Amino acid sequence: MSASTTAKAARTQAASALERFEAGELPPPGAPLLDVRHVSHWFGDQPALDNITFSIARGEVVGLIGRSGAGKSTLLRCLCALEKPAAGEITLNSVDITALPESKLVGVRRRIGLVFQHFNLLSARTAAANIALPLQIAGWSRTRIKDRVGQLLELVGMDGLGGKYPAQLSGGQKQRIGIARALAAGPDLLLSDEATSALDPEATASILQLLGNINRELGLTIVLITHEMDVVKRFAERILVLDKGRLVVDGTLAQFIRKGSDNPALTPLLAEIQPQLPEALRRRLAEGPGPGRLPVLRLFQAGPAATQPVMAMLEQRFNVAASLLQGGVSAIGDEPACDMIISLSGERAAEATVWLEGQTQCCDVVGWLCPL
Ligand SMILES: Nc1ncnc2c1ncn2[C@@H]1O[C@H](COP(=O)(O)OP(=O)(O)OP(=O)(O)O)[C@@H](O)[C@H]1O
């Protein structure tokens with residue numbers, strides 16, 4: 001096949017992918033929906049994104065986390081085609097959005113729902129009219145809009161409140177309206193940009209629950225962007241961690257915790273969710289073993305293994321007494337997770353430590369507790 005025939009075939013393939021995309025055709029659940037390949041971006045000579053590669057499947061829920069300046073907003077702007085990366089490709093539903101002309105990007109942006117930190121509601125419009133806005137812009141009829149807005153108000157738990165103005169709603173209620181507006185045109189992908197950062201803990205929990213329900217009920221793919229580890233921990237099993245523009249973790253929280261122990265840049269993020277030793281005990285911590293000193297271990301287990309009676313097992317197998325110094329069993333998303341700091345005492349404490357390293361997803365000796 002000649003070069004010009006190959007180029008023509010590629011153009012035809014791209015055009016038909018775009019047609020299917022615009023018609024709202026989606027890959028089957030579990031197949032790749034979003035592919036980010038070697039994406040880099042610079043502001044002047046400052047790299048904001050450095051060779052980022054990951055893929056997200058249809059129906060997946062992913063938490064994207066990083067400290068301030070890590071590159072989250074830049075990546076988000078690239079994902080929703082508001083910024084063209086300096087290098088690399090972003091493929092959404094088989095369409096390379098980095099190669100599309102501006103005229104085609106309007107249609108692409110309609111397939112992506114955005115939820116904002118500060119809701120971005122129009123104060124002069126009622127909740128229902130805010131939800132209706134993208135549909136009016138897309139040229140929907142009044143009757144269709146009315147039906148759709150009714151469905152969406154019910155979906156986000158705001159039935160009967162469509163006539164209220166934003167100023168009459170709580171932060172959590174405003175965000176529910178923001179979510180309904182983002183869902184109005186039936187997007188393929190929902191990008192939530194710090195959606196809970198302006199909310200109190202109770203409203204945060206209810207919004208995370210709502211997003212989880214939307215994922216389960218509609219099968220919608222959601223990327224939750226946040227700088228709060230605790231939010232990611234409660235929401236997503238898979239996390240992407242950005243650090244200085246680089247993707248340093250793409251995996252489960254357990255993998256993040258494991259990598260975090262080796263990468264000091266991740267320590268501050270980890271510290272937000274890991275139990276910390278109380279100051280009084282930290283003062284008694286030595287770096288190495290010595291007479292009367294007890295090894296102090298940080299253990300992490302996610303999934304069914306998290307509820308294993310580890311401390312009782314240590315007693316039975318090694319006649320080693322384990323004392324819980326901090327932490328316990330909590331949850332990551334819907335799964336149990338055990339994150340705790342324990343000290344071991346007994347002659348076979350070293351043997352017990354080696355056994356724990358093989359038994360748990362993460363086991364680190366954090367120091368040696370000196371006697372009082
Ligand atoms: N328009 C811009 N012009 C110049 N530099 C920019 C611009 N936007 C972002 N940057 C720089 O790019 C890097 C990544 O910024 P970005 O806003 O993407 O990070 P972030 O993780 O979203 O941070 P935050 O959580 O504080 O919003 C930072 O060093 C930032 O200073």
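Since we're looking at a predicted model, the values are computed, not measured. Note: hydrogens, waters and symmetry copies are ignored here, and every other heavy atom, side chains too, is used. Read the numbers this way: they start at 1 and go in the same order the structure lists the ligands and their atoms.
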Handout entry: side-chain hydrogen bond (donor to acceptor under 3.5 Å, both in side chains) partners for Asp147, two or more places apart
Key =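 Asp147: no side-chain hydrogen bond (donor to acceptor under 3.5 Å, both in side chains) contacts found.
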
Problem - With sequence neighbours excluded, residues passing side-chain hydrogen bond (donor to acceptor under 3.5 Å, both in side chains) with Glu102 - result: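 Counting only residues at least two positions away or on another chain, Glu102 forms a side-chain hydrogen bond (donor to acceptor under 3.5 Å, both in side chains) with Arg109.
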
Problem - Protein residues having a heavy atom less than 4.0 Å from any atom of ligand 1 - result: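 Within the 4.0 Å shell of ligand 1, which is judged on heavy atoms, sit Phe43, Gln46, Ala48, Arg67, Ser68, Gly69, Ala70, Gly71, Lys72, Ser73, Thr74.
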
Practice task
Identify which one of Glu228, Arg234, Met229 satisfies the side-chain contact (heavy atoms from CB on, under 4.5 Å) criterion when paired with Ile273.
Solution key: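 Output: one option passes, namely Met229.
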
Handout entry: Partner of Val62 under side-chain contact (heavy atoms from CB on, under 4.5 Å), chosen from Leu34, Val232, Leu240, Asp250
Key =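 That would be Leu240.
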
Handout entry: Residues Arg298 and Asp364 bridged, charged N to O under 4.0 Å
Key =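 Asp364 and Arg298: not salt-bridged.
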
Exercise for the section: Give me the other members of the hydrophobic cluster that Trp368 sits in, counting Ile, Leu, Val, Met, Phe, Trp and Tyr linked by side-chain heavy atoms under 4.5 Å, directly or via other members. Expected result: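 Result for Trp368 is Leu297, Leu299, Val310, Met311, Met313, Leu314, Phe318, Val320, Leu324, Met340, Ile342, Leu344, Trp355, Leu356, Val365.
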
